[in-house]
Amino acid sequence: MTDNSTPENLDIQKKVNFIHSQITDDLKVGKNDNRVHTRFPPEPNGYLHIGHAKSICLNFGIAEKFNGKCNLRFDDTNPSKEETEYVESIMEDVHWLGFDWADRLYYASDYFEKLHEFAVLLIKDGKAYVDDQDAETISSQKGTPTRPGIESPFRNRSVEENLDLFRRMTNGEFDEGACVLRAKIDMNSPNMHMRDPIIYRIMKAHHHRTGDKWCVYPMYDFAHGQCDFWEGITHSICTLEFEVHRPLYNWFVDQLQETDYRPRQIEFARLNLTYTVMSKRKLLELVKDKHVSGWDDPRMPTISGLRRRGYTPESIRNFSDRIGVTKVDGMIDVSLLEYSVREHLNKTAQRVMGVLNPLKVIITNYPENGYEELDAINNPEDEEMGMRNVPFSKELFIERDDFMENPPKKFYRLSPGTEVRLRYAYFITCNEVVKDENGNVTELLCTYDPASKGGNSPDGRKVKSTLHWVSAKHAVKSEVRMYDRLFRDENPDGHKDIDFKEFMNPDSLNVITDCYIEPFVKNAKPLDHFQFERLGYFNLDLDSTKEKPVFNLTVQLRDSWAREQNKN
RNA sequence: UGUCCUGUAGUGUAAUUGGCAACACGUCUGACUCUGAAUCAGAAGAGUCCAGGUUCGACCCCUGGCAGGACAACCA
């Protein structure tokens with residue numbers, strides 16, 4: 001690794017967003033003793049995706065920028081959906097992105113005791129009551145956004161009765177659904193969330209941390225603000241859909257009445273990316289129904305998928321910074337993400353030659369058992385990465401796409417009679433095309449110009465094109481997994497009445513098994529990045545073995561030739 | 001017949017107490033090139049959702065519309 005791998009050297013200017021401005025304003029008036037403390041609060045019910053990366057970069061980025069702190073807190077108030085596997089993957093992903101919560105790892109479940117005491121306090125204050133009605137009844141009494149709700153017949157139970165009932169709920173004396181604890185606020189509020197929200201429900205489920213200790217669990221709204229408060233969070237940043245929860249968030253925190261310190265909820269727009277889906281529910285569906293190989297399938301927008309695909313933490317962080325933070329619900333073009341990886345990998349990736357779709361080339365005037373090693377540059381963007389040797393011999397492979405028997409006007413690669421350069425090697429000329437009985441080209445007979453060794457002719461002769469190649473005998477036969485977008489539609493879940501899976505791209509994975517890569521890659525470790533010259537960026541997959549290396553296409557190089565072809 | 005939020009080139013973001021609408025990606029030229037990449041130079045593309053108002057001057061302030069989104073899980 002060189003210095004080029006650090007994000008600082010990518011020259012990205014950190015953008016100032018509206019949240020930074022609000023924090024600056026808070027600091028100007030000395031709010032909360034001038035502390036800045038954020039938190040990243042995932043629910044461990046799935047793997048993190050690129051949208052979470054935006055939130056992680058935002059929250060940890062703010063802590064960095066304002067000399068504050070950022071906690072990692074698992075929002076684990078619903079044991080039926082949460083698992084330790086997810087907890088572990090989330091911690092791995094946050095660290096991989098390059099952020100550290102130090103000793104500030106928390107769980108909402110750390111506060112179950114305190115939350116329960118707080119609920120009891122609300123009951124004693126006459127601000128909470130046990131409702132024996134079923135879910136459907138409570139829901140119907142809530143009214144609609146345009147019609148007020150009606151009060152529960154149990155709303156005015158005595159404090160003593162509520163205390164007793166809640167104690168018995170807690171002791172497991174009632175079945176799930178038998179009753180709930182509700183905050184007594186205002187059934188006529190224009191804000192649905194203020195209409196006596198449920199704050200505790202009975203769940204006889206095993207919790208991944210507290211086991212079977214509890215059979216009542218707090219709802220999100222009853223946990224989040226209080227956890228923020230107890231952790232000393234100053235700016236509680238969440239996505240837009242929680243906007244309408246804010247009055248409730250504030251209401252609970254106000255009931256705490258401990259000091260005048262108040263955490264402040266600020267909402268921003270979640271990330272939407274073209275040609276993918278970004279909801280955990282849908283990603284889980286893709287995994288469970290085996291549309292992908294797992295959460296870390298390289299086609300997934302998960303952080304683990306992107307990592308396996310060959311994305312770097314730097315590229316994701318730069319992407320996050322580039323897209324900015326606002327309250328406008330939008331859709332970011334994946335090309336911006338792709339640009340971010342190319343930008344980073346261009347500066348850092350080892351170059352190597354690899355032939356995906358081989359066509360044999362025989363250098364007829366090269367000695368029968370001839371062999372030599374040619375000098376190649378490891379990364380033209382970084383001199384410090386040095387040079388390597390590439391073996392050359394009589395039988396080579398070139399890319400099938402680089403030869404055309406009857407080339408169109410602007411095709412300036414190899415065709416009968418033309419001369420091209422083999423990168424770092426020689427000029428070669430195609431003299432004869434060998435075909436099988438079906439007329440398919442099977443090999444090319446070419447001659448080389450020994451004087452052009454290294455890639456330049458002493459007579460100053462120019463050549464229109466440079467091809468990548470590989471020595472047939474020395475190349476490493478590999479499997480390469482070519483990826484395309486997972487969905488054909490820009491916005492797969494933006495269609496009413498059509499399931500997002502209808503838009504899946506049947507060709508999103510194309511496994512090629514007869515690829516030949518120069519022997520340099522023999523020493524590669526899983527996840528190592530390469531640029532296969534003229535093709536794209538690839539990394540070694542976890543499935544690789546010594547006998548059979550497997551590479552993933554991270555992203556193709558920009559290709560103006562292909563683009564021009566597509567126009568016609 | 002509600003409450004809250006949001007409307008700036010194709011996309012995303014800017015415009016620091018109101019002062020010639022800027023940047024990035026994408027697109028298109030051209031230069032350079034041992035990667036049809038990268039790099040470099042340049043171009044096209046919005047008059048800021050609409051209509052009024054205040055002002056010498058409005059993306060910004062005011063009024064009224066319009067459009068889109070969120071909210072009716074014992075999910076988060």
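The aromatic ring of A/Y220 does not sit over the base of B/rA76; the criterion of centres under 5.5 Å apart with planes under 30° is not met.
A close approach under 4.0 Å does not occur between any side-chain nitrogen or oxygen of A/R421 and OP1 or OP2 of B/rG36. Residue A/R563 places at least one side-chain N or O closer than 4.0 Å to OP1 or OP2 of B/rU27. Look at A/T466 and you won't find any side-chain N or O under 4.0 angstrom from OP1 or OP2 of B/rU35. When the side-chain nitrogen and oxygen atoms of A/R558 are compared with OP1 and OP2 of B/rU27, one or more of them lie within a distance under 4.0 Å. Put simply, A/T77 has a side-chain N or O that comes within less than 4.0 Å of OP1 or OP2 on B/rA76. Look at A/R201 and you'll find a side-chain N or O under 4.0 angstrom from OP1 or OP2 of B/rC75. A/T144 has no side-chain polar atom (N or O) that falls below the 4.0 Å cut-off from OP1 or OP2 of B/rG2. The side chain of A/R342 places no N or O atom within less than 4.0 Å of a non-bridging phosphate oxygen (OP1 or OP2) of B/rA37. Taking side-chain N and O atoms only, A/R246 has no distance below 4.0 Å to OP1 or OP2 of B/rC5. In this structure, A/S139 reaches the B/rA73 phosphate: one of its side-chain N or O atoms is under 4.0 Å from OP1 or OP2.
Taking atom C1' on both nucleotides, B/rG57 is separated from B/rU39 by 43 Å, rounded to a whole Å. The separation of B/rC59 from B/rC49, taken at their C1' atoms, amounts to 12 Å, rounded to a whole angstrom. Taking the P atom of each, B/rC32 and B/rG19 are spaced 44 Å apart, rounded to whole Å. Rounded to whole Å, the P atom of B/rU63 lies 24 Å from the corresponding atom of B/rA14. Remark: the separation of the P atoms in B/rA46 and B/rC23 is 16 Å, to the nearest Å. Across B/rU8 and B/rC50, the matching P atoms stand 10 Å from one another, rounded to whole Å. Using P as the reference atom, B/rC40 and B/rG26 are 13 Å apart when rounded to the nearest Å.
The pairing partner recorded for B/rC23 is B/rG12, the criterion being a Watson-Crick or G-U wobble arrangement whose two distances lie under 3.5 angstrom. Remark: B/rU63 base-pairs with B/rA51; criterion is Watson-Crick or G-U wobble with both hydrogen-bond distances under 3.5 Å. Across all strands shown, B/rA70 is found opposite B/rU3 as a Watson-Crick or G-U wobble partner, with both distances under 3.5 Å. Here B/rU29 sits opposite B/rA41 as a Watson-Crick or G-U wobble pair (both hydrogen-bonding atom distances under 3.5 Å).
In this structure, the NE2 atom of A/H245 is 11 Å from the P atom of B/rA73, given to the nearest Å. As rounded to whole Å, 15 Å separates atom C1' of B/rC71 from atom CE of A/M187. Atom CG in A/N45 sits about 9 Å away from atom C1' in B/rC75, given to the nearest Å. A/N379 places its CG atom 17 Å from the P atom of B/rA37, with the value rounded to the nearest Å. In this structure, A/M331 places its CE atom 19 Å from P of B/rG26, rounding to the nearest Å. The CG atom of A/D329 sits 14 Å away from the P atom of B/rG68 (whole-angstrom rounding). A/K204 has its NZ atom 19 Å from the P atom of B/rC74, to the nearest Å. In this structure, CG of A/L181 is placed 14 Å from P of B/rC74, rounded to the nearest angstrom.
Note on A/Q556: nothing from the nucleic acid sits closer than 4.0 angstrom, heavy atoms only. A/D221 comes within 4.0 angstrom of nothing in the nucleic acid, heavy atoms only. Counting any heavy atom pair closer than 4.0 Å across all strands shown, A/G330 reaches sugar-phosphate atoms only and no base atom. A/T326 comes within contact range of the sugar-phosphate backbone alone, with a heavy-atom separation under 4.0 Å but no base atom that close. Across all strands shown, A/P41 has no heavy atoms under 4.0 Å from either base or sugar-phosphate atoms. If you check every strand for non-hydrogen atoms under 4.0 Å, A/F411 touches a base. Nucleic acid contact class of A/E338 (heavy atoms, under 4.0 Å, all strands): none. At the heavy-atom level, A/R147 lies nowhere under 4.0 Å from the strands shown. Heavy atoms of A/V180 sit under 4.0 angstrom from at least one base atom.
Taking the centre of each ring, A/Y107 and A/F74 come in below the 6.0 Å mark. Taking the centre of each ring, A/H224 and A/F242 stay at or above the 6.0 Å mark. Between A/F532 and A/F551, the ring center distance clears the sub-6.0 Å criterion.
More than 12 heavy-atom neighbours from other residues, nucleotides or ligands sit within 6.0 angstrom of NZ on A/K65. Shown here is A/E241, whose CD atom has more than 12 heavy atoms of other residues, nucleotides or ligands within 6.0 Å.
At distances below 3.5 Å, not a single donor-acceptor pair connects side-chain atoms of A/N379 with backbone N or O atoms of A/Q350.
Classified by its glycosidic torsion, B/rA73 falls in the syn category, the angle being within 90° of 0. Base orientation of B/rG47: syn (glycosidic angle within 90° of 0).
Of the two residues near RNA chain B, A/Y424 and A/Y339, the one whose nearest nucleotide lies more 5' is A/Y339. Nearer to the 5' terminus of RNA chain B, by closest-nucleotide assignment, is the contact made by A/L422 (compared with the other of A/L422 and A/M203).
Ranking B/rC75, B/rC71, B/rU11 by closeness to the A/D333 side chain, first place goes to B/rU11. Between B/rA70, B/rC4, B/rU35, one nucleotide has an atom nearer to the side chain of A/R351 than all others, and that is B/rU35.
The pair A/D131-A/R157 does not meet the salt-bridge criterion, since no charged nitrogen lies less than 4.0 angstrom from a carboxylate oxygen.
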Using the side-chain hydrogen bond (donor to acceptor under 3.5 Å, both in side chains) rule, take A/T554 and A/N539 through it: C-alpha gap first, then chi angles, then the decisive distance, then the call. CA-CA 7 Å; A/T554 305; A/N539 76 343; 4.5 Å; no
Given A/S189 and A/N191, is the side-chain hydrogen bond (donor to acceptor under 3.5 Å, both in side chains) satisfied, shown in steps? CA-CA 5 Å; A/S189 171; A/N191 183 331; 5.4 Å; no
